[in-house]
Amino acid sequence: MASVSSQPQFRYTQPPSKVLHLRNLPWECTEEELIELGKPFGKVVNTKCNVGANKNQAFIEFADLNQAIAMISYYASSSEPAQIRGKTVYLQYSNRQEIVNNKTTADTAGNVLLVTIEGDEARQVSIEVLHLVFSAFGFVHKITTFEKTAGFQALIQFSDTETASSAKNALDSRSIPRYLLPEHVGPCSLRITYSAHTDLSVKFQSHRSRDYTNQYLPVAPSAIDATGQLSVGVDGKKMEPESNVLLASIENMQYAVTLDVLNTVFSAFGPVQKIAMFDKNGGLQALIQYPDVQTAVVAKEALEGHCIYDGGFCKLHLSYSRHVDLSIKVNNDRSRDYTVPIHGGMIQSSILGQQPPGGGPMQGGNAPPPYNGGQYPGPPPPSGGWAPPQHMHMQMPMQNYQYNMQPGHGATPPGPPGTMPPGPMHMQNPPGMPPYSQ
DNA sequence: AGCACA
């Protein structure tokens, strides 16, 4: 009934085609072997091997029909059959006129990378860690993560193809540094290809996706707990609730860390509203308040474990405070409310880089060693699997935010999303202030 | 030993 097909699936004499169908091939025969076989008769423009249930069929496409005819004719009258690896290969004209290329292996470079995180506990890799790793090559615009059959994957969006390529070249098939992973997590390696995407759609900041160009993007309801704070890690487990207030403790404080130094360091990520410094357990601690959680998250990510001064001095350890709004009673050298103008304009001048009283760390005879731009931040890389990018120093945002305290002006809002220049990030040391690095 | 892939 339904057997009245005008084109039977095959006949014993196919009309000529520049595509040849090959069968009885040795298992998993290579493209090269097919090209070798067809080359004497003409230009092989395409091949497809490992076709069929047994993967023992293949196609060869010639540039010209006459070349295909030449090959068929030759073997039709030859005493020696066509052979690959000593095995007789049967060939005939294909019933198709061209090989459709499903090979995506020649993936075209783009600004978005598809990253597969391989490893038994790949899901433990947080979006923050991915951000940190890929930020070494340039500003990361957006990240989305998802589960596919391939495993735990992420799409990482850069400004441009060049930046994405440099990240891909440096990181593909390498492992995430151990020190970036929780202690119990085993090795996680990265497989990177280009994605066809050019601009990811990120609706919310969540444990699965981030848009770093839009700090005011709403936080996903699923990532907010009863206290209104982000409390979910990428693996869904509870983590330290994020807060707009950071608690900084300073280790190895060889040089004075003043309110102004802290303000400068933390203002790089957004407007600092308030700072309170205090001594605890013989060390210095400070609470730094931002207007929003996202800014604090970015600052914490970028600064955690890094040193204010070169040489391992004044190493910062950051955690989220339980505070939401600091109560600053008095503006002095240990506490400051930058949102409340005071007479005399003292605050503005100090924000803009005035040296701390008594000489800043960069002044005097005991200035810290100069910033070493090429220095690698963080602990030494673990042996094997990881080449630190040349410019993987401090992760800095592309904009410096400062409150404009002049009368009649509100706080200076950050620039619109997408204004960040492409390319790797570089330290921007405020004038007069000490550089900071690992 | 007889025509794939999305």
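So you know, we letter chains A, B, ... as the sequences are listed, proteins then strands, and number each from 1.
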### Task
For Glu162(A), check side-chain contact (heavy atoms from CB on, under 4.5 Å) against everything at least two apart and list the hits.
Asp160(A)
### Length of the line joining Asn54(A):CG and dA4(B):C1', which is rounded to integer Å
14 Å
### Query
Can you list, by residue number, the residues of residues 56-66 of chain A that have a non-hydrogen atom closer than 4.0 angstrom to DNA chain B?
Gln57(A), Phe59(A)
### Message
If I take atom NE2 in residue His21(A) and atom P in nucleotide dC5(B), what distance separates them, rounded to the nearest angstrom?
### Response
12 Å
### Task
Scan Glu98(A) against the nucleic acid and name what it touches under 4.0 Å (heavy atoms): base, sugar-phosphate only, or nothing.
base
### Task
Provide, to the nearest angstrom, the distance between the CD1 atom belonging to Ile99(A) and the P atom belonging to dA4(B).
13 Å
### Message
Going by the rule side chain to side chain donor-acceptor pair (under 3.5 Å), which residues pair with Asp172(A) if we only count those two or more places apart in sequence or in a different chain?
### Response
none
### Query
Atom CG of Leu34(A) to atom P of dA4(B): distance rounded to whole Å?
16 Å
### For atom CG of Asn50(A) and atom P of dA4(B), their distance in whole Å
14 Å
### Separation of atom CG in Leu25(A) from atom C1' in dC3(B), rounded to whole Å
12 Å
### Message
Are Ile84(A) and Leu25(A) packed together at the side-chain level, in the sense that at least one heavy-atom pair is separated by less than 4.5 angstrom?
### Response
yes
### Query
In whole Å, what is the span from the CG atom of Leu20(A) to the C1' atom of dA4(B)?
15 Å
### Message
Going by the rule side chain to side chain donor-acceptor pair (under 3.5 Å), which residues pair with Lys55(A) if we only count those two or more places apart in sequence or in a different chain?
### Response
none
## Note on the structure
Between Val19(A) and Tyr90(A), whichever has its closest DNA chain B nucleotide further toward 5' is Tyr90(A)
### Task
Mind checking ring-ring contact (aromatic ring centres under 6.0 Å, His included) for Tyr90(A) and listing every partner two or more places apart, or none if nothing turns up?
none
### Message
Rounded to whole Å, please give me the gap between NZ in Lys48(A) and C1' in dC5(B).
### Response
6 Å
### Query
How would you list, by chain and number, every residue that makes a ring-ring contact (aromatic ring centres under 6.0 Å, His included) with Tyr75(A), sequence neighbours excluded?
Phe41(A)
